[in-house]
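What follows is a single structure, written as structure tokens, with notes after it.
The structure displayed is predicted, hence computed values, not measured ones.
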Amino acid sequence: MQYGGGGNAFSNLISNGSYSFSNPVFAALASYSSMTLLKMLGMSTYTIIQRFRTRNFTTSEDDIYKQLMNQLGHSSGTIKSKNDIVERVRNNHLNDLENIIPFVLIGLFYVGTRPKFDCALWHFRIFFLSRILHTIAYQVPLPQPTRTISWLVGYLSIISMTIPILRSIQI
Amino acid sequence: MQYGGGGNAFSNLISNGSYSFSNPVFAALASYSSMTLLKMLGMSTYTIIQRFRTRNFTTSEDDIYKQLMNQLGHSSGTIKSKNDIVERVRNNHLNDLENIIPFVLIGLFYVGTRPKFDCALWHFRIFFLSRILHTIAYQVPLPQPTRTISWLVGYLSIISMTIPILRSIQI
Amino acid sequence: MQYGGGGNAFSNLISNGSYSFSNPVFAALASYSSMTLLKMLGMSTYTIIQRFRTRNFTTSEDDIYKQLMNQLGHSSGTIKSKNDIVERVRNNHLNDLENIIPFVLIGLFYVGTRPKFDCALWHFRIFFLSRILHTIAYQVPLPQPTRTISWLVGYLSIISMTIPILRSIQI
């Protein structure tokens with residue numbers, strides 16, 4: 001991918017802050033953050049699919065959906081596995097919230113420290129790939145420690161981004 | 001509402017990046033995000049109110065609150081409905097986290113793509129209203145599919161905002 | 001701590017937007033947000049430690065970890081206390097998500113309202129300290145209402161930051 005490059009020299013001069021799509025680091029953060037957040041939003045849809053498949057709904061007003069599925073004649077699994085399947089997606093979604101949101105927020109401050117483009121891009125790429133692998137490892141599921149390691153790689157790349165932020169503050 | 005417009009021409013020139021309250025799109029995002037986040041923060045207070053009403057607390061050290069309510073002579077419902085009432089608020093709060101936070105984060109990058117003001121404002125308005133309706137539908141509760149549809153409208157307006165972000169990246 | 005001060009006058013002039021590390025309010029938000037988010041990320045590690053200590057894992061593929069701990073001969077508590085210990089950390093983590101993320105997001109818009117440095121710094125400091133105290137009160141655990149009050153102080157400092165944001169919008 002090629003980032004930024006649009007705009008003439010003058011517009012770059014007057015908006016040469018870090019937070020502009022003419023800064024390739026910010027453009028990279030924007031695209032990788034959006035892709036990772038879309039992955040996270042996908043968990044909502046996946047939860048709904050699994051709820052309909054297993055007819056496992058939370059509230060009494062959702063009984064209308066259960067009746068609908070029964071009329072359509074779809075069979076559902078046993079109570080035990082129903083909860084397991086939906087809980088697995090819910091826990092995956094919660095783990096995304098706990099990791100992807102801090103990534104984007106710390107990423108925003110990290111861009112302000114004007115990191116080298118390649119260094120920043122590899123942080124974003126590694127984080128993005130680690131979360132894709134984490135989701136696959138959680139939902140297939142792959143044998144442990146695949147899930148733990150993929151989570152850890154993303155976790156460490158967030159922590160690595162906080163170092164230049166905390167260093168840039170003069171104590 | 002009228003956004004921005006303050007400041008003289010020179011200050012607009014030197015700070016004409018997207019991320020300034022002199023950019024009406026950013027000002028609109030700031031206000032709608034703040035209002036939606038305040039709604040989300042309100043769920044914490046509502047959870048506490050429901051916990052006291054139903055004397056349904058989580059930890060052993062919270063027993064002091066249970067004793068307090070018993071001394072005040074307030075009656076509480078049955079165990080079954082107690083959990084249901086508090087769980088309904090908790091699930092609503094979690095759904096807010098899963099949707100409102102991505103809205104604000106993707107909204108921040110969306111502002112950087114310099115969308116048309118009207119187009120951006122309607123995205124923010126529709127999202128805000130969809131979350132208000134979602135909360136009412138969850139807590140009253142209104143018959144389904146009101147809650148599902150109000151969630152879906154907000155969800156689609158987030159996804160719609162990612163399109164210009166991913167497009168602005170030259171591949 | 002001393003914030004900003006780097007860069008010459010010209011670079012300050014052309015990048016004198018609010019969102020730059022040359023703006024001491026933004027630099028303060030960056031450091032306090034990063035520190036609070038690191039604290040929140042720490043809850044993930046603490047959850048894992050407590051899961052291993054109590055051998056309380058969620059998924060079937062995690063049984064490999066349970067077997068590992070059994071081979072190492074570590075004893076674990078009773079089922080009841082195992083759930084309580086891990087649930088306590090999980091609930092603390094969720095409370096962090098519900099409060100720390102809105103703090104950072106509202107903080108970003110708050111910086112755009114150009115608040116006085118001292119006023120902003122005290123908001124960030126009080127919030128950070130309230131969350132540290134909240135975590136200690138939750139995990140020790142300290143007698144109530146320590147946890148409730150420390151949560152409330154942080155909550156009110158977020159709400160206090162929304163006032164200038166909503167005021168800066170001309171209706």
### Summary
Applying side chain to side chain contact (heavy atoms under 4.5 Å, CB included) to C/P164 and not counting sequence neighbours gives C/Y110, C/T113
### Message
Just to verify, what does C/S33 make a side chain to side chain contact (heavy atoms under 4.5 Å, CB included) with, not counting sequence neighbours?
### Response
A/F109, C/L29, C/F103, C/V104
### Test side-chain contact (heavy atoms from CB on, under 4.5 Å) applied to C/L108 and B/Y19, step by step
CA-CA 10 Å; C/L108 283 170; B/Y19 299 101; over 6 Å; no
Once you round to the nearest 0.5 Å, how far does [atom1] of [X] lie from [atom2] of [Y]?
| X | Y | atom1 | atom2 | value |
| --- | --- | --- | --- | --- |
| B/L37 | C/I165 | CG | CD1 | 9.0 Å |
| B/I48 | C/L152 | CD1 | CG | 7.5 Å |
| C/L166 | B/S31 | CG | OG | 7.0 Å |

### Query
Would you say the side chain of C/Y155 lies within less than 4.5 Å of the side chain of B/T45, judging by non-hydrogen atoms?
yes
### Query
Heavy atoms under 4.5 Å from chain C: which residues of residues 91-102 of chain B carry them?
B/H93, B/L94, B/L97, B/I101
### Message
Non-hydrogen contacts under 4.5 angstrom with chain C: give the residues of residues 139-147 of chain B involved, or none if there are none.
### Response
none
### Query
Where does B/M43 contact chain C at under 4.5 Å (heavy atoms): side chain, backbone, both or neither?
neither
### Query
What are the two closest heavy atoms between C/G112 and B/F21, and how far apart are they?
O-CD1, 3.4 Å
